[in-house]
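Heads up, the thing below is written out as structure tokens.
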Amino acid sequence: MKVYVVTHKPCSNPLPENYEYFQVNAAKNEVFCPLNDALGSDNISLKNENYCELTAAYWIWKNDKTNNIVGLAHYRRFLTTNRFSSSVKHYITAEKAEKLLTKYDFITTKEYKTVKTIREHFLEEVLRETDLDALRTVISDVCPQYLSSFDEIMSGRKTHLLNMFICTKEKWDEYYSWLFSILDELEKHVDLTGYNSVQRRFYGYLGEFLFAVYLKKNDCRVKCYPVHIVGENKFSTAVRKVLRMIGIKT
């Protein structure tokens, strides 16, 4: 197993066995990590501004030929069996992943509940309505069998976030082959002119949402775990949860 821990800056926090730091946006910055999204000829490192951690996901899809189980974490966010502990011993181990993946397709984050529908959230925070219309049209053209699941997730209030999960390499390849077939086509129809730095992470946000669409359409078996945020303590986590429940962004 290899869990790629995505980072845009040097990190020294300890990692458990089978976890390794992976630099993103390496094509535009000084390389500080042996593993990075600019390695090899098949990469999309230059798109990191818009694709975020999906440049790492793409690299894993195209370039990891040795690991039978792969995953993605963030330098401050990890799937954990104990969200209130800072110990890396609670991160998902290779042994635990192997056992879980005999029963589940993906090990990922818990579902997040939104105050507004997913569509309303996107329109308020990130996208233009024309972008969402273009996305729906692309799905209708590229994979119409996913359209009903797309509409259901879009009108609902639950989704997985962070593009973080662990699965077999076979499942990883199947999912990202599907995802990038949509995003590659969508690029032809979307103009990001005038978007601010947050909105320009357009494709990274869509990856989070489309993962939920993929899970629903394929009736995927999912094991969910909380996310431990490095540097966050039990009290601040509880406060953030309460604020989110009453609709206050944190």
Side-chain angles (χ1 to χ4, degrees), residues 4 6 8 22-28 35-65 70-72 105-106 108 118-119 122-123 125-151 153-154 159-165 167-218 220:
Y4 294 82
V6 175
H8 63 281
F22 184 95
Q23 180 185 351
V24 292
N25 204 19
K28 293 184 178 180
L35 275 179
N36 62 77
D37 64 358
L39 288 173
S41 59
D42 197 350
N43 70 75
I44 57 170
S45 179
L46 289 171
K47 295 183 178 183
N48 182 260
E49 177 187 14
N50 308 127
Y51 277 76
C52 306
E53 62 276 346
L54 291 184
T55 61
Y58 181 95
W59 190 94
I60 297 166
W61 169 34
K62 293 295 187 178
N63 295 281
D64 187 326
K65 308 297 183 183
V70 294
L72 188 149
D105 299 308
F106 295 93
T108 189
I118 300 300
R119 179 182 177 84
F122 270 133
L123 291 177
E125 300 290 340
V126 185
L127 310 178
R128 302 183 180 109
E129 192 162 13
T130 53
D131 297 331
L132 287 181
D133 291 342
L135 174 60
R136 191 178 190 279
T137 298
V138 166
I139 290 176
S140 180
D141 292 341
V142 173
C143 49
Q145 67 273 29
Y146 282 84
L147 202 54
S148 61
S149 295
F150 171 86
D151 289 338
I153 294 294
M154 187 67 77
T159 190
H160 296 273
L161 297 179
L162 304 176
N163 290 314
M164 279 175 50
F165 54 85
C167 62
T168 64
K169 182 56 163 56
E170 181 180 10
K171 285 290 184 185
W172 189 277
D173 293 351
E174 289 174 359
Y175 170 66
Y176 279 109
S177 176
W178 172 81
L179 178 65
F180 280 102
S181 71
I182 294 171
L183 300 185
D184 288 347
E185 182 62 27
L186 186 61
E187 280 194 49
K188 304 173 186 177
H189 305 280
V190 170
D191 180 5
L192 298 181
T193 302
Y195 272 13
N196 62 36
S197 59
V198 173
Q199 293 168 330
R200 291 183 69 82
R201 300 173 186 173
F202 181 89
Y203 297 101
Y205 291 130
L206 289 186
E208 295 176 303
F209 159 69
L210 289 172
F211 181 55
V213 174
Y214 184 87
L215 295 180
K216 184 169 189 62
K217 171 63 180 67
N218 294 289
C220 292

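Side chains of Leu132 and Met154 form a contact here, defined as non-hydrogen atoms less than 4.5 Å apart. With contacts defined as side-chain heavy-atom distances shorter than 4.5 Å, the pair Asn43/Thr55 does not qualify. Taking 4.5 Å as the limit, every side-chain heavy atom of Val213 sits out of range of all side-chain heavy atoms of Ile139. In this structure, Asn48 and Lys28 have side chains that are not in contact, with every pair of non-hydrogen atoms separated by 4.5 Å or more. Side-chain contact check for Ile60 versus Tyr176: every heavy-atom pair is 4.5 Å or farther apart.
Taking both residues in full, the closest heavy atoms of Arg128 and Asp191 are given as NH1-O, 3.0 Å, listed atom of the first, atom of the second, then distance. Contact detail for Leu161 and Glu208: the closest heavy-atom pair is C-OE2, 3.5 Å. The two residues Lys62 and Asp42 come nearest to each other via the heavy atoms CD-OD2, 3.3 Å. Annotation for Leu39 and Trp59: closest pair O-NE1, 3.1 Å, computed over non-hydrogen atoms. Of all non-hydrogen atoms in Ala26 and Ala38, the two that sit nearest each other are CB-CB, 3.9 Å. Between Ser177 and Trp61, the shortest heavy-atom contact is CA-CZ2, 3.5 Å.
Put simply, OH on Tyr205 and CG on Asn163 are 11.0 Å apart, with the number rounded to the nearest 0.5 Å. Within the model, atoms OG1 of Thr137 and NE2 of His189 stand 8.0 Å from one another, a figure rounded to the nearest 0.5 Å. In this structure, SG on Cys143 lies 9.5 Å from CG on Asp141, to the nearest 0.5 angstrom.
Applying ring pair (Phe, Tyr, Trp, His ring centres under 6.0 Å) to Phe209 and the options Tyr214, Phe122, Phe202, Tyr203 leaves one that passes, Phe122. Here the options are Arg136, Arg119, Lys217, the test is salt bridge (charged side-chain N to carboxylate O under 4.0 Å, His left out), and the partner is Asp151; only Arg136 passes.
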Inset, instruction - Begin from the C-alpha positions of Asp64 and Lys169 and carry the test side chain to side chain contact (heavy atoms under 4.5 Å, CB included) through to its verdict. - result: CA-CA 8 Å; Asp64 187 326; Lys169 182 56 163 56; 3.8 Å; yes
Inset, instruction - Test Leu183 against Tyr51 for side chain to side chain contact (heavy atoms under 4.5 Å, CB included), laying out the working first. - result: CA-CA 10 Å; Leu183 300 185; Tyr51 277 76; 3.7 Å; yes
Inset, instruction - Assess whether side chain to side chain contact (heavy atoms under 4.5 Å, CB included) is satisfied between Tyr146 and Leu210, documenting all intermediate values. - result: CA-CA 10 Å; Tyr146 282 84; Leu210 289 172; over 6 Å; no
Inset, instruction - Any chance you could lay out the side chain to side chain contact (heavy atoms under 4.5 Å, CB included) test for Leu206 and Asp131, step after step, and finish with the verdict? - result: CA-CA 11 Å; Leu206 289 186; Asp131 297 331; over 6 Å; no
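Note: Phe211 and Tyr175 have perpendicular aromatic rings, judged against thresholds of 30 and 60 degrees for the angle between ring planes.
Residues forming a side chain to side chain donor-acceptor pair (under 3.5 Å) with Ser45 (at least two apart in sequence, or on another chain): Asp37. Under the side chain to side chain donor-acceptor pair (under 3.5 Å) criterion, Asp105 pairs with Arg221, sequence neighbours left out.
Proximity of a side-chain donor or acceptor of Gln199 to a complementary backbone N or O of Asn196 within less than 3.5 Å is detected. Side chain of Arg200 to main chain of Glu49: no donor-acceptor pair is present (N/O by atom type, distance under 3.5 Å, no hydrogens or angles). No donor-acceptor distance shorter than 3.5 angstrom exists from the side chain of Asn25 to the backbone of His8, with no hydrogens or angles considered.
For Lys216, the NZ atom is loosely surrounded, since the number of other residues' heavy atoms within 6.0 Å does not exceed 12. At most 12 heavy atoms of other shown residues, nucleotides or ligands fall within 6.0 angstrom of atom CD in Glu170.
Salt-bridge formation is not detected for the pair Arg201/Glu53: no Lys NZ or Arg NE/NH1/NH2 atom is positioned less than 4.0 Å from an Asp or Glu carboxylate oxygen.
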